[in-house]
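Please read the structure below before turning to the comments.
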Number of protein chains: 2
Amino acid sequence: MNTSRKATIDDVARMAGVSIKTVSRVTNREPNVRESTREKVEAAIAKLNYRPNISARSLASLRSHFIVLVYDDPSPYENPSGGYILRLQQGALRACGTANYELLIHPGRARKRDLAAELQSLIERARPEGMILAAPLSNMPSIVDAIASTGTPLVQLSPGKDSANRYSVSTNDREISAEMTRYLASLGHQRIAFIAGHRSHKAVGNRLLGYQDGLRDSGLNFSERLVFAGDNSLASGEAGADKLLNRKRRPTAIFAANDDMAAGVIRVAARMGIEVPGQLSVAGCDDISVASHIFPSLTTIRQPLAAMAERAALVLIEESGASSPLRGSEIFPASLKIRESTGPAPE
Amino acid sequence: MNTSRKATIDDVARMAGVSIKTVSRVTNREPNVRESTREKVEAAIAKLNYRPNISARSLASLRSHFIVLVYDDPSPYENPSGGYILRLQQGALRACGTANYELLIHPGRARKRDLAAELQSLIERARPEGMILAAPLSNMPSIVDAIASTGTPLVQLSPGKDSANRYSVSTNDREISAEMTRYLASLGHQRIAFIAGHRSHKAVGNRLLGYQDGLRDSGLNFSERLVFAGDNSLASGEAGADKLLNRKRRPTAIFAANDDMAAGVIRVAARMGIEVPGQLSVAGCDDISVASHIFPSLTTIRQPLAAMAERAALVLIEESGASSPLRGSEIFPASLKIRESTGPAPE
DNA sequence: GTCAATGGTGACAGCGCTGTCATCTTGGCG
DNA sequence: CGCCAAGATGACAGCGCTGTCACCATTGAC
């Protein structure tokens with residue numbers, strides 16, 4: 001439309017016949033503006049197509065109107081299946097969109113020594129109003145402390161210790177993993193193996209506990225020999241499957257702590273000519289896109305990632321300005337997603 | 001460390017015994033600063049751990065020091081495999097990182113009527129220095145024009161018409177698709193089917209042309225009957241496979257215009273008991289994470305998406321401030337990624 | 001009818017930086 | 001040794017907005 005200069009608050013004020021402060025009050029929904037005045041101002045805003053300049057606003061108010069989502073930059077050889085992060089982004093963006101905030105995404109490399117310093121620098125330069133920290137970064141004390149020390153409100157997307165002075169949004173990993181295990185047991189499986197994830201990922205650790213709970217609930221014994229220590233990667237899932245499926249009494253079900261590893265199991269089974277789910281049931285966790293794209297499609301656990309991230313962003317936006325540090329925790333329950341890869345145990 | 005007030009340019013100037021303008025010169029790498037002065041200032045910057053405030057800088061300079069990456073928000077039922085976008089993000093972020101820029105990601109819904117208005121509003125509020133538009137948004141004139149009308153530098157991540165006053169970074173879709181087709185022909189395949197993508201996606205359209213080129217190069221005839229019109233989704237790949245594989249003389253190779261559809265073909269083949277690649281070769285395009293996670297892993301075309309986005313960001317950063325509008329185009333060649341899903345034609 | 005209490009509004013000083021322009025140095029050269 | 005151009009530096013006015021505080025206009029209580 002117009003390539004000319006953008007309207008400023010002065011233009012609006014002049015047109016509406018009020019002071020710029022009153023315009024500011026209207027755009028910020030502050031109280032104490034007479035209805036008729038508000039309407040005049042809003043008309044001028046509409047006519048001029050005025051948008052407050054974000055930089056000026058941030059500078060003047062010390063509120064930047066944006067938050068940062070930080071996650072571990074998935075290195076190509078580790079976990080290229082981006083469903084996880086994308087869903088987090090979607091959720092956070094949803095919250096930002098309705099509140100007129102912007103989202104800065106910031107992939108950090110957990111392996112990098114100075115990620116903490118890097119984040120501090122980002123905070124100092126840009127002054128975000130809050131940060132959302134995704135797992136596994138959210139489990140790393142050095143990162144968490146670095147952010148906390150700047151006073152930036154922080155929401156961790158991982159199980160939080162209630163004691164801590166933090167806010168955390170997480171899912172019921174342990175309970176839902178127990179449920180998955182019980183589900184497999186209810187199909188008649190007696191030897192249910194588990195491929196565990198990387199140690200540093202706390203949520204993934206909880207899944208092992210849930211697996212054990214589920215076995216106990218179903219009257220099955222836990223055996224170390226049915227657990228393989230993976231590292232979240234497809235390759236480690238294949239390695240685990242190789243080992244577990246070549247045992248003399250092989251498991252009839254394998255529950256992997258994430259979908260990448262479960263996909264690895266399915267690949268090995270296909271290569272070995274083991275029918276899934278006829279001879280082997282496979283379950284994963286996370287419901288990343290791969291889960292529904294492979295054959296047989298993967299029974300898995302769907303975490304409400306987008307909802308969790310949305311909530312995290314909302315907490316930051318709402319509490320922004322509050323003086324007391326954020327604390328508390330919320331659990332968003334996950335659900336089983338039964339697909340093709342699980343079925344009754346073979347005779 | 002310090003929870004106290006952040007250092008400002010005044011603090012640095014005072015400590016270094018120079019004016020704030022000189023500090024500004026140093027942080028912006030402007031010429032005409034004596035070496036010894038520069039060192040004094042840098043020492044002060046280091047000691048105070050000073051970082052220029054982004055908002056203040058944007059406000060004063062009208063340069064926001066950030067660029068926006070806009071892409072079509074993948075609706076859950078359309079293409080949940082985020083490898084595409086994630087790789088674009090990685091590339092753009094790489095360029096931003098080295099240049100000390102920030103990246104704002106902005107998923108828009110192509111289906112939404114007012115995406116153009118939404119982007120204009122974003123531009124007016126935040127004044128990005130440039131925008132990177134990913135396909136298929138980059139093919140939509142309404143979007144492109146809306147951005148162009150604001151004067152914001154724009155790089156399209158899709159084949160550009162040379163005539164246009166735009167900058168585009170794209171890949172050699174047509175040529176590489178021809179190469180894939182020739183590769184399949186070289187394996188002895190005579191009936192090579194093609195599952196086309198959604199019309200609106202220009203790059204995907206080019207792949208059909210490439211397929212035809214490849215057939216011709218290999219002395220094979222093109223037949224409409226071997227082409228199925230998909231829509232980029234897994235489901236449409238399954239539908240295409242269903243149709244193609246139930247023909248009396250079924251194809252021995254299927255080349256799908258993207259990996260989601262190729263994954264669909266593999267799923268259908270597995271369900272029908274057709275061996276891949278023994279009885280059917282399958283090739284995809286994009287090399288999203290799914291490609292390597294399924295069994296058999298997918299032969300596909302790998303586009304240098306990250307490199308393309310990195311280049312796009314770099315163009316914007318470098319040209320930012322230039323008065324003449326950005327124009328030109330670059331081609332980043334893709335490569336075949338031969339994996340398990342293709343093999344010699346059956347007898 | 002007077003006086004507080006409250007609601008509504010505006011003047012003005014920054015927020016931390018960069019652009020402009022004036023001023024002061026320096027070094028090269030006749 | 002003096003002069004001038006180029007190099008180096010600083011003073012200062014904003015960028016467009018919000019926070020503070022002062023002020024005026026109502027209103028209701030007495």
Side-chain angles (χ1 to χ4, degrees), chain A residues 4-42 44-45 48-66 100 123-127 129 320-321 323, chain B residues 5-42 44-45 48-66 100 102 123-127 129 320-321 323:
Chain A
S4 65
R5 205 176 52 82
K6 276 118 204 160
T8 73
I9 198 170
D10 292 282
D11 302 326
V12 177
R14 205 171 311 121
M15 177 174 244
V18 298
S19 74
I20 59 169
K21 181 60 207 181
T22 298
V23 176
S24 170
R25 287 198 178 91
V26 171
T27 58
N28 291 297
R29 292 172 179 66
E30 282 175 28
N32 297 345
V33 177
R34 193 178 297 148
E35 192 52 39
S36 61
T37 312
R38 176 184 308 279
E39 279 164 12
K40 263 193 309 187
V41 172
E42 273 166 356
I45 288 177
L48 291 170
N49 195 26
Y50 164 74
R51 317 276 169 194
N53 177 307
I54 285 187
S55 298
R57 186 197 291 235
S58 316
L59 185 58
S61 66
L62 308 180
R63 299 188 47 173
S64 59
H65 282 255
F66 75 88
N100 244 301
I123 289 172
E124 279 160 22
R125 290 198 336 266
R127 316 280 165 92
E129 286 186 37
S320 138
S323 54
Chain B
R5 205 176 52 82
K6 276 118 204 160
T8 74
I9 198 170
D10 293 282
D11 302 327
V12 177
R14 206 171 309 124
M15 176 173 242
V18 299
S19 74
I20 59 170
K21 182 61 210 182
T22 298
V23 177
S24 170
R25 288 198 177 90
V26 171
T27 58
N28 290 298
R29 289 173 180 65
E30 282 175 28
N32 298 345
V33 177
R34 191 177 299 148
E35 192 52 37
S36 61
T37 312
R38 179 184 305 281
E39 280 163 12
K40 263 192 311 186
V41 172
E42 272 166 357
I45 287 177
L48 291 171
N49 193 28
Y50 165 73
R51 316 278 167 193
N53 177 306
I54 285 186
S55 298
R57 186 198 293 237
S58 317
L59 184 57
S61 67
L62 307 180
R63 299 188 48 173
S64 60
H65 282 255
F66 74 89
N100 243 301
E102 298 298 334
I123 289 171
E124 280 162 21
R125 288 199 337 264
R127 317 280 164 91
E129 285 186 38
S320 141
S323 54

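Hydrogens, waters and symmetry mates are skipped; everything else that's a heavy atom, side chains included, is used.
Along DNA chain D, the nucleotide nearest to B/S36 and the one nearest to A/I20 differ in position, and the one closer to the 5' end is contacted by B/S36. With DNA chain D read from its 5' end, the first of the two nearest nucleotides for B/A60 and B/T22 is the one closest to B/T22. Of the two residues contacting DNA chain C, namely A/E35 and A/A56, the nearest-nucleotide position lying further toward the 5' end is that of A/E35.
Contact check, A/S61 against D/dT18: no side-chain N or O comes under 4.0 Å of OP1 or OP2. The phosphate of D/dC15 (OP1 or OP2) has no side-chain N or O of A/N53 nearer than 4.0 angstrom. Contact between the side-chain N/O atoms of B/S55 and the OP1/OP2 oxygens of C/dC17 is not found at any separation under 4.0 Å. For C/dT18, one of the phosphate oxygens OP1 or OP2 lies less than 4.0 angstrom from a side-chain nitrogen or oxygen of B/S24. Note on B/N28: a side-chain N or O is less than 4.0 Å away from OP1 or OP2 of C/dT18.
Taking atom NZ on A/K40 and atom P on C/dG8, their separation rounds to 14 Å, with Å as the unit. Atom CZ in B/R57 sits roughly 10 Å away from atom C1' in C/dT18 (whole-Å rounding). Distance B/E30 CD to D/dG7 C1': 14 Å, rounded to the nearest Å. Counting to the nearest Å, the C1' atom of D/dG10 and the CG atom of B/D10 are 13 Å from each other. In this structure, CG of B/N32 is placed 17 Å from P of D/dA5, rounded to the nearest angstrom. To the nearest angstrom, C1' of C/dG14 lies 9 Å from CG of A/L59. One atom, NZ of B/K21, and another, C1' of D/dG14, lie 13 Å apart when rounded to the nearest Å. A straight line from CZ of B/R29 to C1' of D/dA8 spans 19 Å, rounded to a whole angstrom.
Counting any heavy atom pair closer than 4.0 Å across all strands shown, B/T37 reaches sugar-phosphate atoms only and no base atom.
When each of D/dG10, D/dA8, C/dG8 is scored by its nearest atom to the side-chain atoms of A/R34, the top-ranked nucleotide is C/dG8. When each of D/dG10, C/dT18, D/dG16 is scored by its nearest atom to the side-chain atoms of B/I9, the top-ranked nucleotide is C/dT18. Closest contact between the side chain of B/R25 and the listed nucleotides C/dC17, C/dT20, D/dC21 involves C/dT20.
Taking each heavy atom of A/T27 and A/Y50 in turn, the nearest pair found is CG2-CE2, 3.9 Å. Of all heavy-atom pairs between A/S55 and B/S58, the closest is OG-CB, 3.2 Å. A pairwise comparison of heavy atoms in B/I54 and B/S64 identifies CG2-O, 4.2 Å as the closest pair. Heavy atoms only, all atoms of each residue included: B/A16 and B/V41 are closest at CB-CA, 4.0 Å.
Side-chain contact of B/N53 with B/R51: a donor-acceptor pair under 3.5 Å is absent, judged by distance alone.
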